[in-house]
There are 2 protein chains.
Amino acid sequence: MFSKACQYGIRSVIYIWKQSLNNNKVGAKEIAEHVDAPEPFTAKILQELVRKKVIGSMKGPTGGFYVDKAHEKFTLKDLVVAIDGPGLFEGCSLGLNQCSETNPCPLHTEVKVVRTHILHMLTAKSLKQLAEEVESGETVLARFI
Amino acid sequence: MFSKACQYGIRSVIYIWKQSLNNNKVGAKEIAEHVDAPEPFTAKILQELVRKKVIGSMKGPTGGFYVDKAHEKFTLKDLVVAIDGPGLFEGCSLGLNQCSETNPCPLHTEVKVVRTHILHMLTAKSLKQLAEEVESGETVLARFI
DNA sequence: ATATTAAAGGATATTTTTGTCCTTATTATA
DNA sequence: TATAATAAGGACAAAAATATCCTTTAATAT
């Protein structure tokens, strides 16, 4: 469903949110360790998410990645689109470019239903809310950190 | 959602079913042309689907790929699992190996719902039924063939 | 029997994704 | 202002997915 890059990205951003709830900026190394992802690759992904404004970053000592009020509106969908592109939500699932409402592929109507549910899953909660659920112990990120 | 190999596989198998409804075996070349997929790659995918018994094949003149009564029970899920593996249905969507019912990742319960719908989409109809819908013009495969 | 046809199989090439490393730019603080 | 810390950026490496080509095997028709 999600590429590895996207999985690392999701895990990382939830971790960043969790730390930012306690007003801590976090470095790429710490993030990668805590979400169990390869550090340089994770750093690249975070770079991209900064470019797409899903998270913020600061260089220098005491710098790192962070989120604040400006990022509260973002959901998993924004993150997924930023990394994997819109393919999960748009285009023919069978790769037919002629596929359309009037010319539907064999999966067309069924895929619409599934996409509705995927969209709901990825937009019902903000990334901040997901981090709060980890903070409260309701859900768990990575290996019991 | 599906790899390219899987997309080609789905398109090919529906085409094979469509031809088999009219008692025609079809060669890899014809299939690839009609579903607009690269021929040698498609041949490899079909090979794998033969090994997994989703379709049948015969060598020699008048040979080709075909399906019959023995293949009527198969659904898209069988095909997808044969090519892409069970990743769409199983395992943590965020790649966390500690994720479980008692230790759920931030997406765990939502993904379960989505997977239910994906599973329904891929098992509600047999591959034969999908081909019949193409045959009747209800749905369309590839470029208006 | 032999020739022909088509799938099967193996080796190889290309592209994309994943992953690493090194240098540069920016910021904080001593 | 110099130093240290950290993200940004670019070049490179490895692995996986996608795609091609050539040889072998099996079946049919003549």
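Only this structure's heavy atoms are used, side chains among them; waters, hydrogens and symmetry mates stay out. Proteins get letters first, then strands, A, B, ... in listed order; numbering begins at 1 in each.
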So, [X] versus [Y]: side-chain donor-acceptor pair below 3.5 Å or not?
X	Y	answer
A/His120	B/Glu110	no
B/Gln19	B/Tyr66	no
A/Ser100	A/Asn103	no

Subject >> All ring-ring contact (aromatic ring centres under 6.0 Å, His included) counterparts of A/Phe65, not counting sequence neighbours >> reply: none
In whole angstroms, how far is the [atom2] atom of [N] from the [atom1] atom of [X]?
X	N	atom1	atom2	value
B/Gln7	D/dA17	CD	C1'	13 Å
B/Glu30	C/dT5	CD	P	16 Å
A/Lys25	C/dA28	NZ	P	8 Å
A/Glu39	C/dT20	CD	C1'	10 Å
B/Tyr66	D/dT28	OH	P	11 Å

Original post:
So what does the secondary structure string of DNA chain C come out as, 5' to 3', with Watson-Crick or wobble pairs under 3.5 angstrom, [ ] for crossing and | for pairs with another strand?
Top reply: ||||||||||||||||||||||||||||||
Original post:
Would you say B/Tyr8 reaches D/dA19's phosphate, i.e. side-chain N/O to OP1/OP2 under 4.0 Å?
Top reply: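 Indeed, a polar side-chain atom of B/Tyr8 lies that close.
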**OP:** Is it possible for you to say whether B/Leu46 and B/Met58 belong to one hydrophobic cluster, with membership spreading through side-chain heavy-atom contacts below 4.5 Å?
**Re:**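 No.
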Original post:
Under a 4.5 Å side-chain heavy-atom rule over Ile, Leu, Val, Met, Phe, Trp and Tyr, are A/Ile10 and A/Leu21 clustered together?
Top reply: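 Yes, it is one cluster - the side chains of A/Ile10 and A/Leu21 are joined through contacts under 4.5 Å.
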**OP:** For A/Asp68 and A/Ala70, indicate whether the former's side chain and the latter's backbone hold a donor-acceptor pair under 3.5 Å.
**Re:**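 At least one qualifying donor-acceptor pair exists.
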Subject >> Plane angle bin for B/His34 and B/Tyr15 - parallel if under 30°, tilted between 30 and 60°, otherwise perpendicular >> reply: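 Ring orientation of B/Tyr15 relative to B/His34: parallel.
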Subject >> Trace of the salt bridge (charged side-chain N to carboxylate O under 4.0 Å, His left out) decision for A/Glu39 with A/Lys29 >> reply: CA-CA 6 Å; A/Glu39 198 230 299; A/Lys29 189 175 178 181; over 6 Å; no
Original post:
Contacts to DNA chain C from residues 77-90 of chain B, heavy-atom cutoff under 4.0 Å, which residues?
Top reply: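 Result for residues 77-90 of chain B: none.
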Could you write out each protein N or O paired with an N or O of nucleotides 14-17 of chain C at a distance under 3.5 Å?
none

Original post:
Do A/Glu48 and A/Lys52 sit within salt-bridge range, that is, some charged N less than 4.0 Å from a carboxylate O?
Top reply: yes
Original post:
Looking across every strand, which nucleic acid part, if any, lies under 4.0 Å from B/Pro38 by heavy atom: base, sugar-phosphate, or nothing?
Top reply: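 If one applies the 4.0 Å heavy-atom cut-off, B/Pro38 turns out to touch the sugar-phosphate alone, with no base involved.
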Original post:
What pairs with A/Val114 under side-chain contact (heavy atoms from CB on, under 4.5 Å), at least two apart in sequence or on another chain?
Top reply: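 Checked A/Val114 against side-chain contact (heavy atoms from CB on, under 4.5 Å); matches are A/Ile118, B/Met1, B/His117, B/Ile118, B/Met121.
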Subject >> Audit row: A/Trp17, A/Ile55, side-chain contact (heavy atoms from CB on, under 4.5 Å) steps and yes/no >> reply: CA-CA 9 Å; A/Trp17 260 111; A/Ile55 57 177; 5.9 Å; no
Distances for protein N/O vs nucleotides 7-11 of chain D N/O pairs under 3.5 angstrom?
{"residue": "D/dA7", "atom": "OP1", "partner": "A/Ala28", "partner atom": "N", "Å": "3.2"}
{"residue": "D/dA7", "atom": "O3'", "partner": "A/Ser57", "partner atom": "OG", "Å": "3.2"}
{"residue": "D/dA8", "atom": "OP1", "partner": "A/Ser57", "partner atom": "OG", "Å": "2.9"}
{"residue": "D/dG9", "atom": "OP2", "partner": "A/Arg51", "partner atom": "NH1", "Å": "2.8"}
{"residue": "D/dG9", "atom": "N7", "partner": "A/Lys44", "partner atom": "NZ", "Å": "3.3"}
{"residue": "D/dG9", "atom": "N7", "partner": "A/Gln47", "partner atom": "NE2", "Å": "3.3"}
{"residue": "D/dG10", "atom": "N7", "partner": "A/Lys44", "partner atom": "NZ", "Å": "2.9"}
{"residue": "D/dG10", "atom": "O6", "partner": "A/Lys44", "partner atom": "NZ", "Å": "2.4"}

**OP:** Look up atom CG in B/Asp84 and atom SG in B/Cys6, then write down how far apart they are to the nearest 0.5 Å.
**Re:** 4.0 Å
**OP:** Using heavy atoms to find the nearest nucleotide of DNA chain C for A/Thr42 and A/Thr62 separately, return the residue whose nucleotide is more 5′.
**Re:**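 The answer here is A/Thr42.
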